[in-house]
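Naming convention: chains lettered A, B, ... in sequence-line order (proteins, then strands); numbering from 1 in each chain.
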Amino acid sequence: MNIVLRELRANLKSLVIWCLAMVFLIAVGMVKYAGIEAVGQSANQLLNQMPAVIKSMLGMNELDLTSISGYYGVFFLYFALLGGTHAVMLGALIISKEERDKTADFLFVKPVPRSKIITAKLAAVIINLAVFNLVTYFASVFFVAQYNRGESINDQIAYLMISLFILQLIFAAIGLGISGFAENAKKAASLSTTVFLITFFLSAAIDLYDKIDFLKYFTPFKYFPVVEVMQGSFNTFFLFLSTAIILACTAMVYVTFQKRDIYI
Amino acid sequence: MNIYRHEMRMSLRSMLYWTTGMLVGLLFFMMMFAAVSEEASVINLIVSQFPSEVVRALGLSTLDLSTVLGYYGYVFMFILLVASVYALKIGISALSEEIRAKTADFLLSKPVSRNVIVTAKALSVITLLALQSAIYSLGAFIIVDIITGQPYDKTVFLLINLSIFLVGLFFAGLGLLLSVSIKKIKSVLPVALGIVFGFAILQMLNQSLADPVLAYLTPFAYFDIARIINARAYESAYVISDAVLIVSFTLLTYIIYRRKDIPSV
């Protein structure tokens, strides 16, 4: 429990900065919506004529950009980008930073088994991710309400936040898994960034060219299409795949850290 | 000079990795050029029927994806993002790495002034960025030439690629300034990623609002690819603003670093 509290305190500052950034992003994004709404009808006309490739490039397949729910759905990609960055870095550093800060010997000589230390750190990661997610949710609900003149879309926002949370868990687990076998914190961070950027660009490439759609299994950004999620439906196969990735990566960090030679 | 050489030896390899990554990404995207450009010509027809305010408000790219340069410009925005993360990363690390690696007292006790240290490190950062742009441009030239096999304007192509260096200098300067003004930076990459993505989001906003004042806030707006393609040149106001910011970041770094309290081991 002490370790969890200690971790929460240590990550508090960065969490606050991330949350403020999200609130700012949402606020700014909604200003942009006002601009789109203003051109309303003709914008819709234009979009209807667009070939699928351009629509999916902009992330707005089958989404009506001039309705507030459609617009919010398009915006979701950037939440995923920021949420994923936060999660993958948190995962990659939470354990490896002890070696970097030369506090590993201090922590690992305590009468707590390594597995317990990892569990405590995992708990801290999940709490951090949940706070990030909830702040995004409440900021979204608040700012959307400012511009929404139709029906409330709070349910759709909630569904999207669930898919965001799964995405955050996947990337945090990937970061953790990498930190298990990476030599040091620096390598863990750069490897995780590489993996993260590759998955992001892969999803951009799939949007651009649908013949490589089969690659979608390799990028979590493609697991839960916004349109489906907003209707409240989650693909069972991808839910299963996500769970498998999360469990496998977490199991890996338990195994590798059990035998790790801690550098002091 | 020794400091410069040491810096270069330390970071040359990672620069090559990053540049290779950028080129591999480009290769991957360029392979889809033929398929995308066919569909893209339909889009142009549709877009041309609508007023420009609508097109802009939707954030529709003003790039013509059916041409080599238009498509390259679209892909380039992603590559520039990666290059910017790298530039910010090396900018932040250059001076602060010594503190993290506990080698600061070793370096600072040498008979060289702090100004000399900053100069050597800043020069190594500039060299790395210049090398990166050069290697990338050469690689990009080969990839684009082989894959598309179509003629395109080489001057514009060079101008687009050169913006990697100019935007990179901005981020490297910002990184240097940040690294001396923040008390302690524990890990560089999360900070670098966050800041670059922040600027990228500002740029998205700027693209749909098209507010000339807002454009000054983000270096990504300084070298707008659609406008480079049309004008075959940079816009002088933005180049000046870029240069002024780079110089002021660097000057502030010198001033702050001279008085900075460096923790010893």
List, one per line, each side-chain donor-acceptor pair under 3.5 Å for residues 176-200 of chain B, sequence neighbours excluded.
from, atom 1, to, atom 2, distance (Å)
B:Ser179, OG, B:Leu176, O, 2.8
B:Ser181, OG, B:Leu177, O, 2.4
B:Ser187, OG, A:Arg100, NH1, 3.4

Q. How many angstroms lie between CZ in B:Phe29 and CZ in A:Phe201, if you round to the nearest 0.5 Å?
A.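 Answer for the CZ-CZ pair, B:Phe29 versus A:Phe201, is 7.0 Å.
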**Q.** chain A-proximal positions within residues 6-25 of chain B [heavy-atom distance under 4.5 Å]
**A.**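 Against chain A, none of the residues of residues 6-25 of chain B fall inside the cut-off of heavy atoms under 4.5 Å.
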Q: Please say whether more than 12 non-hydrogen atoms of neighbouring residues, nucleotides or ligands are located less than 6.0 Å from CZ in A:Phe106.
A: no
(Q) Could you check whether atom CZ of B:Phe28 has more than 12 heavy atoms from other residues, nucleotides or ligands sitting under 6.0 Å from it? (A)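 Atom CZ in B:Phe28 is packed in, count exceeds 12.
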Between [X] and chain B, with a heavy-atom cut-off of 4.5 Å, which part of the residue counts as in contact: side chain, backbone, both or neither?
X	result
A:Phe24	neither
A:Ile17	neither
A:Ala205	both

Q.
Side chains of B:Phe78 and A:Leu197, heavy atoms from C-beta outward: is any pair under 4.5 Å?
A.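 B:Phe78 does not reach A:Leu197 side chain to side chain.
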**Q.** Residues of residues 85-96 of chain A within contact distance of chain B, non-hydrogen under 4.5 Å
**A.**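 A:Thr85, A:Met89, A:Leu93, listed by number.
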**Q.** Residue part contacting chain A, namely of B:Phe33, when any heavy atom lies under 4.5 Å
**A.**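 Neither part.
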Contacts table for residues 185-192 of chain A: side-chain donor-acceptor under 3.5 angstrom, sequence neighbours left out:
from, atom 1, to, atom 2, distance (Å)
A:Lys186, NZ, B:Glu97, OE2, 3.2
A:Lys187, NZ, A:Glu183, OE1, 3.4
A:Ser190, OG, A:Lys186, O, 3.3
A:Ser190, OG, A:Lys187, O, 3.3
A:Ser192, OG, A:Ala188, O, 2.6

